Amino acid sequence: MILKYCYGNPLETEAVIEKFRLTESVPAGDGVLPESGLDCLKMKEGGCGFTCRLSENDIVYGLGQQIRGINKRGWVYESWCSDDPDHTENKRSLYGVHNFLIIDGKECFGIFVDTPQRVRFDIGYTDRDILDVSMAANDYYLYLIKGDDPENIVKEFRRITGKSYIPPKWAFGYGQSRWSYMDEDEVREVVRRHRENNIPLDSVYLDIDYMERYKDFTVNEETFPDFAGFAEEMREQGIHLVPIIDAGVKIEEGYDIYEEGAEKGYFCRKEDGTYFTAGVWPGRVHFPDMLNDEAREWFGSKYKFLLDQGIEGFWNDMNEPAIFYSEDHLNEVFDQLEEYKDKNLDVNTFFEFQDLVRSIANNPEDYRSFYHQYKGEKIRHDKVHNLFGYYMTRAAGEAFERLMPEKRILMFSRSSYIGMHRYGGIWMGDNHSWWSHLLLNIHMLPSLNMCGFLYTGADLGGFGSDATEDLLMRWLELGIFTPLMRNHSASGTRRQEAYQFKKLESFAGIIGLRYGLLPYLYSEYMKAAIKDEMLFRPLSFVYRDDSQAKLVEDQLLVGESIMIAPVYEQNAQGRCVYLPEDMKMYRMRSLEDMDTEIMEKGYHYIQAKLDEVLMFIRPDHLVPVSSGGRCVEEVDENRLRVLGYIKDGAEYELYQDNGYEKDYNIQRHTSVIVLTPGGQLEETSCWKQMPDGMIVKK
């Protein structure tokens, strides 16, 4: 059951695509929500939010891209898309905003607060037994979703917010990125080193330096003199180039994007009607008004420049939007800095000076100083801030539908809001080469899946700071299961391509496992997207009556058959694993080198060498695997072997399509693999078993 409440005059974010009868205007002052049947949930005086009384063992799931654990209880979070790479435990907001929670305990229900303004979620921070949600403004929709269990609630929420984005199949391959590969030869070197070391690779990402002086929809002709020809050269080797697109348009006479946008009035303006000027990578920029329908269509149409040169994937960045400085505030700071010149800076004045300089980037006043045209209304940016990244990626997604309606284009973004999951995925932002961020990667996966973001992953090895060989290897051992599998690092950090390290065979083996698992991972992704389900689930979502499963936050179920338990601590040679039922453990080093062991339900300390991946298969479940390949195109999905833990017999519904068209008919693209209790294939119209145990498509 889904109930929709309204308070004030909320702005339509278009996060929810299903039309609902409005249950009733939200009552003010300790009012219980009409028709909810929930005495624990009450509105605050004046409608400025609500509180929910939590029972001792209630778990609070959700909030998508946020810090801390899968259970969000015990901290305070804020919805404000923030350009902040230091994802430490004291932070309250990251790049995306996903105001969806599930309270799972004596009562089980979901809450979605649909507003683009700032929201504060105090989840047992002030009082451990109280969830206190406060709004920056009393204009919002509140959706209450009641169900039997969290998975049912997620499915209902996903149904009303729309189908998750589906990328091309090649985008499930391994990608290598860095800020930046500076020219064609450096990209060629990256590809060559992967190929000669038998490390599979499908994509190389181009950061800001491929552009002409950081100008969107341009290419530096000195370093990439024949971009279309180079893209074709790479495709012939099974490699896709994936360039970055930023939110700011450089102010420069003669630059066609700038001149056209300025002439047609497509940039954000200040209150006096002049264009708002900020500084980002290219220096002074204007921000396209992504919330203006005409401006959004105009900006999206500009992707054609790169599509026409053979590009089939993009990543949108800096779209919170990040502001290095605004021209107005920078001038104010320069004036104030004169006061500190030749001054004896004691402890107080030094901190004042330091705070003044720090106030330049992402200053709150800057976000209150420019405006959008949204649905015919002039709206100050801070009131719609959390929609900017969503609508930038929407601009691209809508353009792809116009420009290449039959073809899937890779798209993922840094900033997001619920609803953007229909147009693209997200990566988890500019993390660090910290072991804690490897664990945070695990925690974010189910939370993002709940909100519809299935195509997601972290910068493997970490973006900022210096990666170590063991950290990269352990992170890849998780990354082989995440849909977006990309190694990305920042300028000035240690080079962390897998071939930079000593254990080349181990890296090749682990990354090769991804290509072996591709038939299963792609099938599970597609079924989750089509059926509005999750790819990554906490153990507690499946093992509902297991009190121990509810405590586990460092193991995940991947699809219907697999449980993973990544090692995420430095120098660890193993880890404690909880099995909620008997499972078959695969200790994998490569597609050709793996051992198995049946393990009983309960706690186990399991050894795991640096180059070993632990994968657990549930009883009477199957995992079809391929023999791998150098790239996704080389993976033969018509000749498979089946991993499994067979007790009473098992069957698996395998989804297969060509990976680039948009025909997602699940009946047309699925076949059923059935194994008998003895592990033999029950021959079907699609599959037959060969003498070597492989199964092949008839």
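Since this is a predicted model, take the numbers as computed values, not measurements.
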Check R544 with D104, please: is the shortest side-chain N to carboxylate O separation under 4.0 Å? yes
For Y586 versus G644, what's the shortest heavy-atom pair and its separation? OH-N, 3.2 Å
Criterion ring-ring contact (aromatic ring centres under 6.0 Å, His included) against H488, the qualifying member of F412, W315, W427: W315
Going by an N to O cut-off under 4.0 Å, is there a salt bridge joining E637 and K169? yes
Answer yes or no: is there an ion pair linking R495 with E497, defined by an N-O contact shorter than 4.0 Å? yes
Shortest non-hydrogen contact from G461 to S433? O-OG, 2.6 Å
Can you name the nearest heavy-atom pair linking L241 to A231, along with the distance? CD1-CA, 3.9 Å
Before accepting this row, confirm whether a basic side-chain N of the pair E661/K407 lies closer than 4.0 Å to the acidic partner's carboxylate O. no
Check this for me, if you would: do R668 and D663 make a salt bridge, where the nitrogen-to-carboxylate-oxygen distance has to be below 4.0 angstrom? yes
Heavy-atom nearest pair, L460 first then G479, reads CD2-CA, 3.9 Å
Report the relative orientation of the aromatic rings in Y174 and H194; use parallel for angles under 30°, tilted for 30 to 60°, perpendicular for over 60°. tilted
Show, in sequence, the C-alpha distance, side-chain angles and deciding distance for R486 and D459, and conclude whether the salt bridge (Lys or Arg N to Asp or Glu O under 4.0 Å) test is met. CA-CA 6 Å; R486 181 179 75 149; D459 287 342; 3.0 Å; yes
Could E401 and K662 be called an ion pair, given the rule that one side-chain N must be under 4.0 Å from one carboxylate O? yes
Do side-chain atoms of T161 reach the backbone of V16 as a donor and acceptor pair under 3.5 angstrom? no
R575 with D554: basic N within carboxylate O range, under 4.0 Å: yes
Ring center gap for Y520 and Y652 short of 6.0 angstrom: yes
Does this structure show an ion pair linking R408 with D657, if we count only N-O contacts that are shorter than 4.0 Å? yes
Step-by-step salt bridge (Lys or Arg N to Asp or Glu O under 4.0 Å) determination, R639 to D692: CA-CA 11 Å; R639 181 178 174 83; D692 61 0; 2.7 Å; yes
Take I480 and M485 through the side chain to side chain contact (heavy atoms under 4.5 Å, CB included) test and state the conclusion after the steps. CA-CA 7 Å; I480 63 173; M485 185 187 180; 3.6 Å; yes
Considering the options L410, L535, I166, which one meets the side-chain contact (heavy atoms from CB on, under 4.5 Å) requirement together with Y455? L410
Evaluate the ring planes of F157 and F112, with Trp represented by its six-membered ring, and classify them as parallel (under 30°), tilted (30 to 60°) or perpendicular (over 60°). perpendicular
Test salt bridge (Lys or Arg N to Asp or Glu O under 4.0 Å) on E18 and R159 and set out the steps. CA-CA 8 Å; E18 184 168 317; R159 177 179 62 80; 2.6 Å; yes
Whether K155 and E533 form a salt bridge (side-chain N of Lys/Arg under 4.0 Å from carboxylate O of Asp/Glu) is what I want to check. yes
Is the backbone N or O of Y655 less than 3.5 Å from a side-chain atom of S523, with the two atoms forming a donor-acceptor pair by type? yes
Taking only residues two or more places apart in sequence, or in another chain, which ones meet Q570 in a side-chain contact (heavy atoms from CB on, under 4.5 Å)? W435, D470
In a check of salt bridge (Lys or Arg N to Asp or Glu O under 4.0 Å) between E581 and each of K647, R618, K601, which one passes? R618
Is it true that E612 and K609 have a side-chain N and a carboxylate O under 4.0 angstrom from each other? no
Can D532 and K163 be counted as an ion pair, charged N to O under 4.0 angstrom? yes
Looking at D595 and R589, does any basic side-chain N land under 4.0 Å from a carboxylate oxygen? yes
Start with the C-alpha distance between Y165 and F453, add both sets of side-chain angles, then the distance that settles ring-ring contact (aromatic ring centres under 6.0 Å, His included), and finish with yes or no. CA-CA 8 Å; Y165 162 77; F453 293 94; over 10 Å; no
Work out which heavy atom in P150 is nearest to a heavy atom in I102; give both atom names and the distance. O-CD1, 3.8 Å
